[in-house]
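The next block holds one structure in the form of structure tokens; read it before the comments.
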Amino acid sequence: MTYANVIVRNPADREQEWRGRFLVDTGAIDSLVPRPWLESIGLEPLGTQVYELADGTEVTFDLAVAEFEIMGKTVGATVVFGEPRADPLLGATVLESACVHVDPFNGELKRLPSSRL
């Protein structure tokens, strides 16, 4: 398993931030943060989305847009309002937007020099 330290910010008030340790999940498109932490930085749901979980069940979650800072790079992405005790998950959209990938040999995060357009 690979973990990353990430800062999540409210794009409307960048001083409102939450720092956490995220499980990197390259099989997930979007990133998930427990609802209380998103609410603590002033994020409110913009809508909902149906997601398929690893076991195949479908669940509807609230979502918003947040800023994510990983390895010194800040990007905007969809964030899912997870259950209060959920583990934060970092999905592929943030990783790819920030030019970060998981090294398959040692599981470490590496910065790429560029991104595909």
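Heavy atoms only, all atoms of each residue included: Gln16 and Ser40 are closest at OE1-O, 3.6 Å. The minimum heavy-atom distance linking Ile41 with Val8 is given by the pair CD1-O, 3.7 Å. Nearest approach of Val94 to Ser31, heavy atoms of both residues: CG2-OG, 3.6 Å. Residue Ala64 comes nearest to Glu44 through the heavy atom pair CB-O, 3.6 Å, listed as atom of the first residue, atom of the second, then distance. The two atoms that bring Val24 and Ala4 nearest to each other are CG2-CB, 4.0 Å, heavy atoms only. Residues Ala86 and Pro34 approach most closely at O-CG, 3.1 Å, considering heavy atoms.
One N or O on the side chain of Ser97 and one on the backbone of Thr93 form a donor-acceptor pair closer than 3.5 Å.
The structure places CE of Met71 at 6.0 Å from CG of Leu109, a figure rounded to the nearest 0.5 Å. The NZ atom of Lys110 sits 7.5 Å away from atom NE2 of His101, with the distance rounded to the nearest 0.5 Å. Of the inter-residue distances, the one linking Ile7 atom CD1 with Arg19 atom CZ reads 3.5 Å to the nearest 0.5 angstrom. Taken to the nearest 0.5 Å, the OG1 atom of Thr60 stands 10.5 Å off from the OH atom of Tyr51. Within the model, atoms CZ of Phe22 and OG1 of Thr2 stand 15.0 Å from one another, a figure rounded to the nearest 0.5 Å. The CG atom of Asp62 lies 12.0 Å from the CG atom of Leu43; values are rounded to the nearest 0.5 Å.
The pair Arg35-Glu39 meets the salt-bridge criterion, with a side-chain N (NZ, NE, NH1 or NH2) lying under 4.0 Å from an Asp/Glu carboxylate O.
Sparse packing is recorded around CD of Glu83, with 12 or fewer heavy atoms of other residues, nucleotides or ligands lying under 6.0 Å away.
Trp37 pairs by the ring-ring contact (aromatic ring centres under 6.0 Å, His included) definition with Trp18, not counting sequence neighbours.
No single ILVMFWY cluster, assembled from side-chain heavy atoms under 4.5 Å apart, contains both Leu53 and Val50. Connection of Leu32 to Phe68 is not established within any shared hydrophobic cluster, with ILVMFWY side chains joined at heavy-atom distances below 4.5 Å, either directly or through further cluster members. Both Val102 and Val100 belong to a single network of hydrophobic side chains, linked directly or stepwise wherever heavy atoms of I, L, V, M, F, W or Y lie under 4.5 Å apart. Follow the hydrophobic side-chain contacts under 4.5 Å out from Ile29 and you never reach Phe61; the two are in separate clusters. Under the 4.5 Å side-chain heavy-atom criterion for Ile, Leu, Val, Met, Phe, Trp and Tyr, Leu38 and Ile70 are members of the same hydrophobic cluster.
With Glu67 as the partner, the side chain to side chain contact (heavy atoms under 4.5 Å, CB included) test is satisfied by one option alone out of Thr74, Val75, Val79: Thr74.
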Full working for side chain to side chain contact (heavy atoms under 4.5 Å, CB included) between Leu90 and Asp25: CA-CA 6 Å; Leu90 191 65; Asp25 185 351; over 6 Å; no

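When side chains are defined from C-beta on, Met1 counts as touching Leu23, because their heavy atoms get closer than 4.5 Å. Counting only heavy atoms from C-beta outward, the side chains of Asp30 and Leu63 never approach each other to under 4.5 Å.
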